[in-house]
Structure formats: C-alpha cells, structure tokens
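Order of the sequence lines fixes the chain letters, A, B, ..., with proteins taken first and strands second; residue numbering starts at 1 for each chain.
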Amino acid sequence: MKRRKIVFMGTGPFALACLKALWDGRDAWDVAAVYTKAPKKAGRGMQVRDGAVAEFAREKGIPLVQALTLRTEEAQAAFRAIGADAAVVASYGLILPKGILEAPAFGCVNVHGSLLPAYRGAAPVQRAVMNGEKKTGVTLMQMDEGLDTGDMLAAAETPISDTDTAGDVFDRLALLGASLLTEKLPLLFEGALTPVPQPQEGSSYAAKIENAEQCLDFSRPAAELDRLVRGLSPVPGALCHFEKDGKVLKIRAARAVAEEHAGQIGQVVAVKPRVLVKTGAGTLELLTVQPEGKGQMSARDAVNGRRIVPGDRLCP
RNA sequence: CGCGGGGUAGAGCAGUUGGUAGCUCGUCGGGCUCAUAACCCGGAGGUCGUGUGGUUCAAGUCCCACCCCCGCAA
C-alpha cells in the first residue's frame with residue numbers, strides 16, 4: 001500500500017500528544033507538515049514564544065507552517081501543494097475553510113475532547129468537569145464546515161471521578177485520543193471506517209471559559225463550587241477576592257464538605273485544623289490557594305503567613 | 001521596551017525614621033492527657049537572591065547592576 005501523507009494541525013497541549021503519536025507511528029505514514037497557530041506577543045514582557053507543537057516540529061525537522069489564517073487563497077494553495085492524503089486536526093484554534101477541508105482525499109480528521117454530539121466547541125473538558133459529568137471521552141470526527149458537527153468515525157470513553165480536575169481528565173484524554181488516532185487512521189485509509197452522522201439528540205455546546213466564570217460565588221452550593229474549581233484547574237484557575245482589600249485569591253484546589261458552620265456566606269469560618277469557607281449550602285474546604293503576586297501554596301501556609309485570617313470575607 | 005508584586009530558618013510571612021534578625025507552622029527533646037491534628041516547656045536551624053559593588057562608624061533596611069519567581073493583561 002502506498003505510504004500516505006498526513007498534515008498535522010494543532011496548537012494546544014492536547015495537540016502535542018496526537019502529534020507525538022503520529023510521529024512515533026511514522027513507519028506507517030508520512031508526517032509531511034505541521035501547522036500550528038502563529039505565536040503572538042504574549043506573556044510577561046510580551047515576548048513572542050513558540051508553542052510546544054512548533055518546538056516539537058522544529059526538533060524533529062518536520063516542515064512547519066505557522067499561519068495566522070487559512071482563509072487566504074495563498075494559504076490554501078500552499079496547503080494543496082503538500083498533496084496530503086489527510087489532515088489530522090487537534091485543538092488547532094483556526095477555522096478550516098472549505099478549500100482546506102476538501103483538499104485531502106480523506107478529508108480532515110479532528111480529535112475532539114468529548115463524546116459527541118455533547119460538548120461541541122472550545123472547552124469540552126472543562127465544561128464536562130464543571131457540570132459534574134460521570135464520563136467523557138474523545139471522538140474522531142470527519143470535519144465539515146460546522147462547529148464540531150462532522151460525522152463520527154470512532155470514539156473512546158473515560159470516567160470522571162469526583163476528585164478529577166480538568167487537567168487530570170485532559171491528560172487521560174490526550175493519551176486516549178492519541179492511541180485512538182493511530183489505531184483508526186490505517187482503517188480510514190483502507191476505507192474501513194464508517195462515518196456516522198451525529199444525532200441531534202444530546203448535542204450541546206461547550207463555550208470557551210469567560211473571565212467572569214472564574215469567580216467563585218459563595219452563595220452557590222459548596223458541591224458546585226468544588227466542581228467549578230476542578231473544572232478550571234489548572235488553567236485558568238478559580239478565584240475570589242478578599243473583601244478587606246480587594247486582593248485576588250486564586251483557589252487552586254478545594255473540596256466540598258457536608259458541614260454547616262455559623263457565619264456569613266463567603267466568610268472564612270475556621271482556619272484550624274482546616275480552612276473552611278461558608279457557602280450557600282455546605283462548606284468549602286480550601287486546600288491549595290495562590291495569593292495575588294505569589295506562588296501556589298497550601299491553605300495552611302497561607303494561614304501561617306497570615307494571608308488568610310479567620311473572619312475574612314471572600315467575594316466574587 | 002505592556003502593568004504590577006516578590007526573593008529573610010524546611011514552609012508561609014514580619015522586620016517601623018539604618019543600630020545584636022523575629023512570628024506562625026513544621027522538626028527534635030520533654031511534659032500534661034484515656035486520648036489528640038489540642039495544650040505547656042525547652043532546643044536545633046538564617047552567608048537576609050547575587051555582586052570580595054557603592055554610601056556609612058554601622059546595611060535585611062539606602063543607592064547601583066545582574067539573576068530568579070509570581071499575578072494581571074494578551
């Protein structure tokens with residue numbers, strides 16, 4: 001059988017796992033090029049910094065394309081010139097226009113971090129954890145012009161435990177997605193995969209995380225806040241503010257405890273032996289926090305340094 | 001040259017107008033207790049980021065240079 005040419009398109013850490021898997025399986029196919037989103041000036045000091053995918057491609061000597069958009073005719077011509085048999089797309093961050101989608105004989109295959117048709121969109125893993133889903137997974141999908149609406153080629157599941165963070169689930173999905181990809185790709189090339197249209201029923205949309213969603217509203221039940229903290233971990237992280245000085249306190253890890261304490265909502269009702277905050281229903285135990293301008297520390301350390309004092313009120 | 005916070009004991013912090021380096025926790029030893037993550041007593045542990053830098057009788061503290069960490073914004 002002819003050796004197939006694959007173009008990989010991806011940007012985030014989820015993408016890196018897939019790219020690595022493709023690279024490790026390069027005996028079976030040719031990784032002809034890597035597309036990743038062009039880096040912008042960002043971060044402290046506004047430096048231009050390459051992403052992990054770009055770094056990997058450079059290290060392995062794979063031709064690298066860092067485009068800002070694929071809408072232009074030149075970009076699409078350049079893509080066609082590679083003569084790829086298929087494109088593999090994972091958290092790329094750019095919209096693929098029709099001219100790209102239709103260029104490869106086997107189309108563009110997306111690795112998506114949810115069990116479609118649920119959680120289409122930008123933040124499927126975080127949303128699943130925030131909503132308290134018991135399981136999620138990855139879906140291999142034949143891309144079309146819609147937002148994660150293409151026909152499904154394969155899927156794999158993983159359970160979500162009630163202590164999993166989005167990061168934990170993410171790591172698992174990356175591995176799952178990578179192995180699903182390398183397992184099913186040969187079948188795709190043989191024409192042995194049957195595309196299944198996504199059912200209408202059960203579809204949902206996982207919008208990207210808005211800034212305001214990072215704020216913990218302590219009038220909500222502790223269990224919900226627990227899920228929010230886990231869903232936002234490790235990035236961007238949940239946060240609240242000290243009422244006394246307005247300083248930010250990031251809550252990196254916390255858990256709901258089924259106790260009720262006297263006090264006001266959002267108030268630190270105890271710091272010893274555990275750091276407890278009263279919520280609308282139940283109590284939230286702070287485990288790991290990060291005061292403004294400081295690194296992560298245990299809630300215990302924050303108390304020792306008097307960064308958290310009993311009676312402090314926390315607000316969104 | 002985007003804005004800002006910070007590097008002091010194993011950890012988290014304080015250190016006022018320069019004058020013998022402190023607090024909470026941990027740790028080690030002892031005590032109290034049926035018991036304890038509780039309480040009491042005692043001990044160990046610090047070249048105060050780097051510069052055989054500058055000012056000074058005297059620098060953690062003031063000045064200069066450099067290194068590193070972090071928050072925001074993107």
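If you check every strand for non-hydrogen atoms under 4.0 Å, Gln296(A) touches nothing. Note on Met46(A): a base of the nucleic acid sits closer than 4.0 angstrom, heavy atoms only. Within the nucleic acid shown, Arg44(A) comes within 4.0 Å of at least one base atom, counting heavy atoms only. Using a 4.0 Å heavy-atom criterion, one finds that Lys272(A) contacts the sugar-phosphate atoms exclusively.
Comparing Gln290(A) and Pro273(A) along RNA chain B, the residue whose closest nucleotide (by nearest heavy atom) sits nearer the 5' end is Pro273(A). When each of Asp301(A) and Gln214(A) is assigned the nucleotide of RNA chain B with its nearest heavy atom, Asp301(A) is the one assigned upstream, toward the 5' end.
The base-pairing partner of U56(B), taking Watson-Crick or G-U wobble contacts with both distances under 3.5 Å, does not exist among the strands shown. Shown here, U50(B) forms a base pair with A65(B); the pair counts as Watson-Crick or G-U wobble because both key distances fall under 3.5 Å. Base pairing of C3(B) is made with G71(B), judged by Watson-Crick or G-U wobble geometry with both donor-acceptor distances under 3.5 Å. Using the Watson-Crick or G-U wobble rule with both distances under 3.5 Å, C13(B) pairs with G22(B). When Watson-Crick and G-U wobble pairs are counted only if both distances are under 3.5 Å, G42(B) pairs with C28(B).
At a threshold of 4.5 Å between non-hydrogen side-chain atoms, the residues Leu16(A) and Glu55(A) do not count as touching.
Comparing the same atom, C1', in C13(B) and in U8(B) gives a spacing of 10 Å after rounding to whole Å. Taking the P atom of each, G15(B) and G22(B) are spaced 15 Å apart, rounded to whole Å. Separating the P atom of G4(B) from that of G51(B) is a span of 29 Å, rounded to the nearest Å. The gap from the C1' atom of C39(B) to that of U33(B) amounts to 9 Å, rounded to the nearest Å. Rounded to whole Å, the separation between the P atoms of C72(B) and G54(B) comes to 40 Å. The separation of A58(B) from C1(B), taken at their C1' atoms, amounts to 39 Å, rounded to a whole angstrom. A9(B) sits 12 Å from C23(B) when the C1' atoms are compared, rounded to a whole Å. Across the C1' atoms, A11(B) and G18(B) are found 29 Å apart, a figure rounded to whole Å.
Between Lys20(A) and Asp24(A) there is no salt bridge, since no side-chain N of the basic residue sits under 4.0 Å from a carboxylate O of the acidic one. Under the 4.0 Å criterion applied to side-chain N and carboxylate O atoms, Asp312(A) and Lys244(A) are assigned as salt-bridge partners. Salt bridge annotation for Glu292(A)-Arg307(A): absent, with no cationic side-chain nitrogen under 4.0 angstrom from a carboxylate oxygen.
Checking side-chain atoms of Asn131(A) against main-chain N and O of Glu133(A) turns up no donor-acceptor pair under 3.5 Å.
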Problem set entry | Derivation of the side-chain contact (heavy atoms from CB on, under 4.5 Å) call for Tyr92(A) and Leu70(A) | CA-CA 12 Å; Tyr92(A) 182 35; Leu70(A) 299 177; 3.7 Å; yes
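Here the rule is side chain to side chain contact (heavy atoms under 4.5 Å, CB included) with Tyr35(A), and of Val89(A), Ile100(A), Leu96(A), Val65(A) only Val65(A) fits it.
Contact footprint of chain A on RNA chain B: nucleotides with an atom under 4.0 Å from a non-hydrogen protein atom, first to last in 5' to 3' order, G2(B) to A74(B).
Neither side chain, Gln198(A) nor Asp148(A), offers a donor N or O lying under 3.5 Å from an acceptor on the other.
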